[in-house]
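Structure record follows, encoded as structure tokens.
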Number of protein chains: 2
Amino acid sequence: MPVEIIARQSVVDVLEHRLREDILDGTHGPGELLPPERELAAGYGVTRTTLKHALSRLEQAGLLSTRHGIGTRVRDFLRVGGADLLPMLAARDNGWLAEVFEVRGHIGALIARRAAGRRTVRQARRLAELLEAVAQAPDGDAAQLADVEVHRELARATGNRVYLLLTNTLFNAYLPVRAALRAPFEDPAEAAARLAPVVRAVADGLPDEAEAAATRYLRATEKIMLGSLLPPGGARPAAPRA
Amino acid sequence: MPVEIIARQSVVDVLEHRLREDILDGTHGPGELLPPERELAAGYGVTRTTLKHALSRLEQAGLLSTRHGIGTRVRDFLRVGGADLLPMLAARDNGWLAEVFEVRGHIGALIARRAAGRRTVRQARRLAELLEAVAQAPDGDAAQLADVEVHRELARATGNRVYLLLTNTLFNAYLPVRAALRAPFEDPAEAAARLAPVVRAVADGLPDEAEAAATRYLRATEKIMLGSLLPPGGARPAAPRA
DNA sequence: GGTGTGGCAGTGGCTCAGCCACCCGTGACC
DNA sequence: GGTCACGGGTGGCTGAGCCACTGCCACACC
């Protein structure tokens, strides 16, 4: 078993994470003005310069809004935040993760439909190769990553790059927590077999069938994943808080 | 006529913009190693600290990947970038904008379907109010913004917050360039009339009808928008300016 | 009393110089 | 031939300092 790779965390990374938690937890509520940078920096025990780097990132993420001479205000991320917040939200909260899966299911079906209508011959061949890579994967983790590549290629086959970026966004939310969702991929051959009808329908250029197959596939996978995520007692899977 | 408000641009903003252009234009191609920070800062005539702020933002946006002791590498944003890149891409290139509209159409239909199935009574009432606000808008710009609020509420009515964030993302790409796409909203009453069937179907809880109505609405609006975007002579719609 | 205005205190923007931590190639050493 | 120490180059972070912007309030003026 490979040693666990600890991602190196810079001071700014840690700081950004703590600030984000404080914001999402409501310690700094929406609309609220953050303490002055000098004060905040002292509070976290870092230089103002370092703090500013962290604030700058959070500002770009849509969580903060800074104005010269005034201060830094916490924004209501549900109103202005984009899908790039999903990775941090999904990592915090299984409710978000469940919602991501639901949307991934819907959009995955949409993508399969478009891909069936537009994929090139070359892309159809590439899809078959990538599917084979899933089947041949040496372990669950490799199968899981290979599966992602198939979906990426499906998105590419729509001919619409926005679908590719959306797929990236949803996977960015999913990949960091994928270890807890490996159940559907423990048997790579079986995982590939589940995925095969989608690839076949897309390769054959059958939009309706591709959409239906994708819906079946994503629903089945989601079920196994979320089932393995919840304690047998069965907490509610997706209770949108408030 | 109100004076044109010039958005204040900080040095970091300008620098970030220039760097991003240089990356998207291919001056710094994917996989390439950027020059050292000290050198880059000197080249742009700013302090290393300031440059680092700009780099830090681009890194978070997924365009760069920095490693201590090694350097800063340009990433292939089509592979790893998320949907949050859309605002900058759509602002640069009408091709991207057209793709955003296509996806917005597909996802808008999806959202209408889910909203019809799940909306609360309160949300149905709110939708009617927001639709009325479109009709009552004093001018095209106000109607356009009111229209956005209707779509936001539709996304909220799905009960899935991911749809709300996705909607935000797509609108974040659309709003900065909305002035060029005002044609469908010049007559607020007419714009509201086009949107009305969607709101009605959602309020009545009819998923199939809502999806169909949303598809019709978004397709019609898209047509007017993209049509107005092109000169009558008919230049190619999606010319990425090299 | 109402009005305008100048100054001031507080805030973020940006710079500067410097040291630290990390990676890697090189060459001495075993 | 393998190992390891070292140095050059890179990004990470600091601390102090000054500048630019905003809002407010006391003051002078009408």
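This one's a predicted model, so the numbers in the text were calculated from it and none came from an experiment. Numbered from 1 within each chain, the chains take letters A, B, ... in sequence-line order.
Following rounding to the nearest Å, B:E16 (CD) and C:dG13 (P) show an atom-to-atom distance of 13 Å. A:R73 places its CZ atom 11 Å from the P atom of C:dG12, with the value rounded to the nearest Å. Here C:dT11 presents its P atom at 14 Å from CG of A:L51, a figure rounded to the nearest Å.
In terms of modelled atom types and a separation under 3.5 Å, the side chain of A:D139 and the main chain of A:A142 share a donor-acceptor contact. Without hydrogens or angle criteria, A:Q136 side chain to A:A133 main chain gives no donor-acceptor distance under 3.5 Å. At distances below 3.5 Å, at least one donor-acceptor pair connects side-chain atoms of A:E99 with backbone N or O atoms of B:R161. At least one donor-acceptor pair closer than 3.5 Å links the side chain of B:D76 to the backbone N or O of B:L78.
The aromatic rings of A:Y163 and B:H106 sit parallel, their planes meeting at an angle under 30°, below the 60° perpendicular limit.
Side-chain contact of B:S56 with B:E59: a donor-acceptor pair under 3.5 Å is absent, judged by distance alone.
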Got a list of protein N/O to nucleotides 4-6 of chain D N/O distances below 3.5 Å?
none

Are any protein N/O atoms closer than 3.5 Å to N/O atoms in nucleotides 8-12 of chain D? If there are, list each pair with its distance.
unit_1, atom_1, unit_2, atom_2, d
D:dG9, N2, B:G69, O, 3.3
D:dG11, OP1, B:E37, N, 3.4
D:dG11, OP2, B:E37, N, 2.8
D:dG11, N7, B:R38, NH1, 3.0
D:dG11, O6, B:R38, NH2, 3.1
D:dG11, N2, B:H68, NE2, 3.0
D:dG11, N3, B:H68, NE2, 3.1
D:dG12, OP2, B:K52, NZ, 2.4
D:dG12, N7, B:R48, NH2, 2.8
D:dG12, O6, B:R48, NH1, 3.2

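Among the candidates A:D147, A:L218, A:T221, the single residue satisfying the side-chain contact (heavy atoms from CB on, under 4.5 Å) test with A:L195 is A:D147.
Regarding contacts with the backbone of D:dC13, every side-chain N or O of A:T49 stays at 4.0 angstrom or more from both OP1 and OP2.
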Exercise for review: Please test B:E153 against B:R156 for salt bridge (Lys or Arg N to Asp or Glu O under 4.0 Å), starting from the C-alpha separation and ending with a verdict.
Suggested key: CA-CA 5 Å; B:E153 188 63 28; B:R156 198 171 289 124; 2.6 Å; yes

